[in-house]
Student: 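Below is a structure I'd like to ask you about.
For clarity, every value in this text was computed on a predicted model and none was experimentally measured.
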Amino acid sequence: MKKIIITLIVLFTINSISVKADEGMWLVHLIGEKTYADMTKRGLKLTKEQLYSMNSNSLKDAIVLFGGGCTAEVVSKEGLLFTNHHCGYSNIAASSTVDHNYLKDGFWAKSKQEEIACPGLSVQFLVKIEDVTEAVLTKIKDVKPEDITTQLTTVLNEMSGKTSDGTGYETRVSSFFKGNQFLKFTYQRYTDVRLVGAPPESIGKFGGDTDNWEWPRHTGDFSIFRVYMAADGKPSDFKAENVPYKPKQFLQVSIKGVNDGDYAMIYGYPGGTNRYETSHGVKLKIDIENPNLVTLRDARLKAMMTEMVKDPAVKIQLASSYAGIANYWKFFDGETKQLIKHNVLAQKEKEEKQFETWAKGKSEYDNLFSGIKASYDSWRPYAKGRVYLNEGIMGSPLLAASSSLKALDDALSAKEIKPEAVTKATAAVKASFERFNKDENTASDKSILATVLNMYYHDVDANQQPIEFYTKLKTSYGDLEKDETYKKFAKDVFEKSILLNAARFTAFVENPDTAILHKDLAYSTALAFINNYNNNYSKFYKNFISTNYAYGNKYLKGVLEMKKGQALYPDANQTMRVSFGNVKSYSPRDAVNYKEICTLSGVMEKYTPGDYEFDAPAKLIELIAAKDFGQYVDKKTNDIVVTFITTNDITGGNSGSPVLNAKGELIGLAFDGNYEALSHKIAFDGELNRTICLDVRYLLFVVDKLGGAKNIVDELILAK
Ligand code: ARG
C-alpha cells in the first residue's frame, strides 16, 4: 500500500494531468502496446486478439449496447443477456399491471414460451470501427465559426444511418478529443428482445435512492433478457417464430469469487465524461447549472412521490420516469459537493497554467483561456434561465409534449404552406402525444406545473421572464405571490386543454388549425416560455457553444501535441470502451475503512419491514436464516457476497457492463459509482474512485434459490 502511494506522489509531481492509476476508458480497438502491457502486468491472461479483433471472434462480440443507454452481455449460446435491474426497469414496469406486478414481485420465465416481448427495446452489436477524421474535417473546413456546432451535427448525421448494402447495419460517427478525431462505428441492431427474469424490486432496487451512488451497498441490481433473430439469422421485429440469437461469443460465468487485489476489467458503453472541462466550465456547473437543476428536480420528485405512494397503479406508471429523474438529481447534487471538496477548480486552474507554460511562443494558442473566460462571462447571466426552462417548465410532461406542437404551428403559419411539412409535423405531434398519454399522471403533472411556474417567477431574473404571460396570469388568476394563483391556473390548464381530451385532440390533428392551437392553455403556456427563450437568449447560447467548441478543439489539439507519446484515452461518448483495475477496499475519510465486499448479513442489518426502500422479500429472509446458499456461497465469509468494488474508471452508460476476471470470465455486473468520487465525469480521483459491482454469484443465487429458475442457470457455462 505504502509503495503505491509513493509512486502516485511521484507521478503527480511530474505532471498533474498525467493519467493516474486505473484512470482511462480505452477504445477497444486502439489499445496500444503500453496499455496492453499495463493490463498484463496487472494480471490479464488474455491476448490482445482475444480482447478485440476485427476478423475473428473476440470479447467485444459478447457485449451489447442495451436499449438507449446501458450495456448488457451475452452469457449463453442462446442469446441470454445479463444487465442491471435499473436498465431493464422501464421494460419490467411496462410488462407489469397491478395484478401481475413484476416490479413488486419479480418475474421468472421457466421456459422460452413464458418470456415477455418488450416492444421498443433493442440491442446493438458492434461490427467494426473506421477512422473517418479526414472525411469529416474536409466537410466542415469552410463552415463559419458561429455555425460549427449545428453544421457538425448535420455532417455527422449525414454520415450516419442505415447502410444500403443489404446488411441492415447502422453506422454512427462520433467525435473524439473535442473534434480532433472522428470514428465511424458500425452496428447490427436486433429488435426482438424479451424479458426472461427480474428479481422483486426489494432486491433489484434494495436501498432505493437513499443508497443510490453509495458504498456500502446491498442492491441486487440485475435483470435478464434474451435476444431473438429470424430463422435465417437476420434481425427481426418480434415474431412468435423467431429463434434465439446465436452469438459469435458469449461469456463464461465464474463462481470462484473475488479477493481484494484481483484483476478486474470492464467492457461497456460509458455515456459521457468531460475530463478536459475548463475551470470556467467547472465554476458555471458548481454555481449555477447543478444547484438549480437539483432544486427543480427536487420539486418535481416530491410532486410525483405524493401520487405514487397513494396508488400502486400510479407507482407502476411513474416508477421509471421517477427513477431516472432521481438518479441524476442525486448525482448532480453529489457532483457539486465533490467538485468543491476535491477543489477541482484549483486543479483545473493549475492544469491550464501548465498548458499556457507549454504553449508559450506558439501563437495559435495565444489568449486561449482569456477567450474561454470571456465566452463564459457573456453566457453566465442567462444560464439559470435555460436550466429553468429545460428542467422546470419542460419538467411538466404536458408542457414538454405541448412543445412538440411548435413545429406544426410554424408549418401552418408559413407564408407559403408546404403540405409535406404540415404532414411531417403532425406525425411528430401524434407520436409525441402517444408517448405522453401512455405515462401521463395528471395529478402529479398539475402539481408540477403550478410549482415550476411559481418557481420560475420567483427565481429567474425579472427581466428574463415572459412578461406578458405573467401579466395575464396576474390579471386573470390573482396575486403572483400566492401559491393559490398558480394552482388555480394549473387546474384550468388541465381542465380546458384540448390536448388532454382524446376526442378533441383527434379532431385537431385531423384538421390542424392555428387558431385552436393559440387559444389552448397548455400550448400557449409552453409557447410563452419557448418564445421568450428563442427570441431573446438562444442566440447567446448558440454563440457560447460554438465559441466553446472552437476553443475546446484547439485546447485538445494542444494537449495531444503536448502529451505526444503518452497513452491518452478520449472522453466517453457512448462508444465501446474497456477499463481495467482491481478489486479494492478504500478509506473514504479519516478513521474509516471500507471493505471490498458486502454480504447478505448487511441486507439483514438494513432490512426494515414495510419500508419503501429497505423492505426485503420473505423468501430471501428465509433463505438467509437457513443459510441455504448452495454452490454460490462465499467460502471466506460463509455468506453470499452481494456486491464488490473495483478501481475501474466507468460512468453512466456502463450500467450492466460485465466485470471480467483475468481470464475474461464474468465475475460481476457494474452498476454504480461511489459518492466520494461523484466528480468523476470532470476529474478522476485516483485514490477514491470505485465502481460498484453486483457479484454474479448473488445473481445466480437469487435466480436459482429465490426465483426457482434453475433453467436459467443450466443455460450458462459455470467456471468453478
Ligand atoms: N446510480 C446508478 C447509475 O446511474 C443507477 C442506480 C439506480 N437505482 C436507484 N436507486 N435509482 O448507474
Side-chain angles (χ1 to χ4, degrees), residues 72-73 75 80-88 106-108 196-207 211 214-224 251-260 262 264 266 583 595-607 614-617 619-646 655-661 665-672 690-710 712-713 716 718-720:
E73 50 278 1
V75 291
L80 198 68
L81 298 173
F82 286 171
T83 187
N84 289 151
H85 187 263
H86 77 263
C87 293
F107 169 76
W108 309 104
V196 175
E201 201 175 19
S202 51
I203 287 178
K205 204 183 172 181
F206 182 78
D211 272 8
E214 310 261 0
W215 180 260
R217 187 66 161 275
H218 298 85
T219 313
D221 198 343
F222 75 90
S223 58
I224 304 175
L251 303 176
Q252 300 200 7
V253 178
S254 164
I255 57 167
K256 289 171 282 191
V258 297
N259 291 302
D260 206 23
D262 279 359
I266 298 180
V583 176
K595 270 176 79 165
E596 74 285 3
I597 54 165
C598 286
T599 61
L600 280 178
S601 314
V603 170
M604 288 311 293
E605 286 170 7
K606 288 178 176 174
Y607 168 53
F614 290 95
D615 203 355
K619 180 87 208 249
L620 181 67
I621 311 290
E622 278 168 33
L623 289 166
I624 296 173
K627 285 199 166 288
D628 185 0
F629 300 149
Q631 62 176 335
Y632 315 111
V633 71
D634 179 65
K635 302 222 171 55
K636 277 178 299 177
T637 52
N638 194 26
D639 202 336
I640 289 283
V641 174
V642 175
T643 54
F644 61 88
I645 41 173
T646 72
S655 286
S657 287
V659 188
L660 308 167
N661 64 15
E665 296 159 348
L666 187 72
I667 51 175
L669 272 62
F671 73 93
D672 212 357
R690 292 294 179 276
T691 286
I692 303 176
C693 313
L694 171 80
D695 190 308
V696 76
R697 292 172 298 170
Y698 184 43
L699 180 159
L700 299 175
F701 163 79
V702 171
V703 169
D704 181 347
K705 297 280 182 176
L706 189 123
K710 192 79 186 355
I712 296 175
V713 178
L716 310 169
L718 298 186
K720 302 186 191 181

Student: For S601, does its backbone N or O pair with a side-chain atom of D639 as donor and acceptor, under 3.5 Å?
Tutor: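 Yes; at least one donor-acceptor contact below 3.5 Å.
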Student: When you compare the side chain of L600 with that of V642, does any pair of heavy atoms fall below 4.5 Å?
Tutor: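 Side-chain contact under 4.5 Å: yes.
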Student: Do L694 and T219 have side-chain heavy atoms sitting under 4.5 Å apart?
Tutor: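 A side-chain contact is absent here, since even the closest heavy-atom pair is not under 4.5 Å.
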Student: For the residue pair G220 and P199, what are the closest heavy atoms and their distance?
Tutor: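 Looks like O-CG, 3.9 Å.
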Student: Rounded to the nearest 0.5 Å, what separation is found between the CD atom of E201 and the NE2 atom of H85?
Tutor: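 Reported to 0.5 Å precision, the distance equals 6.0 Å.
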Student: Using a 3.5 Å distance criterion without hydrogens, assess whether the side chain of N84 forms a donor-acceptor pair with backbone atoms of D221.
Tutor: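 Flag set: sc N84 to bb D221 pair under 3.5 Å.
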Student: State, with a plain yes or no, whether a side-chain heavy atom of M604 is found less than 4.5 Å away from one of I621.
Tutor: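 Side chain of M604 against side chain of I621, heavy atoms only: contact under 4.5 Å found.
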Student: Less than 6.0 angstrom separating the ring centers of F206 and F614, yes or no?
Tutor: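 Ring-ring flag for F206/F614: true, centres closer than 6.0 Å.
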Student: Is any side-chain heavy atom of F82 closer than 4.5 Å to one of P658?
Tutor: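 A side-chain contact under 4.5 Å is absent here.
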Student: Out of curiosity, F644 CZ to D634 CG, how far, rounded to the nearest 0.5 Å?
Tutor: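 Spacing of CZ (F644) from CG (D634) equals 11.5 Å.
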Student: Are any of the side-chain heavy atoms of I712 and I224 separated by less than 4.5 Å?
Tutor: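 In contact.
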Student: Which atom pair, heavy atoms only, marks the closest approach of I692 to E214?
Tutor: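 Between these two residues, the closest heavy atoms are CD1-O, 3.3 Å.
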Student: What distance separates K619 NZ from S202 OG, expressed to the nearest 0.5 Å?
Tutor: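 Going from NZ on K619 over to OG on S202, the span is 13.5 Å.
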Student: Ignoring hydrogens and geometry, is there a side-chain-to-backbone donor-acceptor pair from W215 to K595 under 3.5 Å?
Tutor: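 Pair found, side chain donor or acceptor close to backbone of K595.
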Student: If you compare all heavy atoms of I266 against all heavy atoms of S657, which two are closest, and at what distance to 0.1 Å?
Tutor: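 Nearest heavy atoms, I266 then S657: CG2-CB, 3.5 Å.
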Student: If you compare all heavy atoms of R217 against all heavy atoms of T643, which two are closest, and at what distance to 0.1 Å?
Tutor: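 Minimum heavy-atom contact is O-OG1, 2.8 Å.
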Student: If you compare all heavy atoms of S254 against all heavy atoms of G257, which two are closest, and at what distance to 0.1 Å?
Tutor: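 Closest approach of S254 to G257: OG-N, 4.3 Å.
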Student: Using a cut-off of 6.0 Å, state whether more than 12 heavy atoms not belonging to K636 lie near its atom NZ.
Tutor: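 It does: K636 NZ has more than 12 such atoms within range.
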Student: Taking the side chain as C-beta and beyond, is there a heavy-atom pair between L620 and Y607 under 4.5 Å?
Tutor: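 Side-chain contact under 4.5 Å: no.
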Student: What's the separation between atom CG in L699 and atom OH in Y632, rounded to the nearest 0.5 Å?
Tutor: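 The CG atom of L699 sits 10.0 Å away from the OH atom of Y632.
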Student: Should we count NZ of K606 as having more than 12 external heavy atoms under 6.0 Å?
Tutor: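 Yes, enclosed.
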Student: Can you tell me how far apart CG (D262) and NZ (K256) are? Round to the nearest 0.5 Å.
Tutor: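 Here the rounded value is 10.5 Å.
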Student: Are L718 and L700 packed together at the side-chain level, in the sense that at least one heavy-atom pair is separated by less than 4.5 angstrom?
Tutor: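 Yes; the side chains approach each other to less than 4.5 Å.
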Student: Which atoms form the tightest heavy-atom contact between R697 and V258, and what is the distance?
Tutor: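 Result for this residue pair: NH2-N, 4.0 Å.
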Student: Starting from the C-alpha separation in whole Å, work towards a yes-or-no answer on side-chain contact (heavy atoms from CB on, under 4.5 Å) for D695 and I597.
Tutor: CA-CA 9 Å; D695 190 308; I597 54 165; 5.8 Å; no
Student: Mind checking the CD-NZ spacing from Q631 to K720? Nearest 0.5 Å is all I need.
Tutor: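 Result: 4.5 Å between the selected atoms.
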Student: Would you check if L706 and I203 make a side-chain contact, meaning some heavy-atom pair closer than 4.5 Å?
Tutor: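 They are in side-chain contact.
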Student: For W108 and F222, take the angle between the two ring planes, folded into 0 to 90°, and tell me which bin it lands in: parallel under 30, tilted 30 to 60, perpendicular over 60.
Tutor: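 Geometry flag for F222 against W108: tilted rings.
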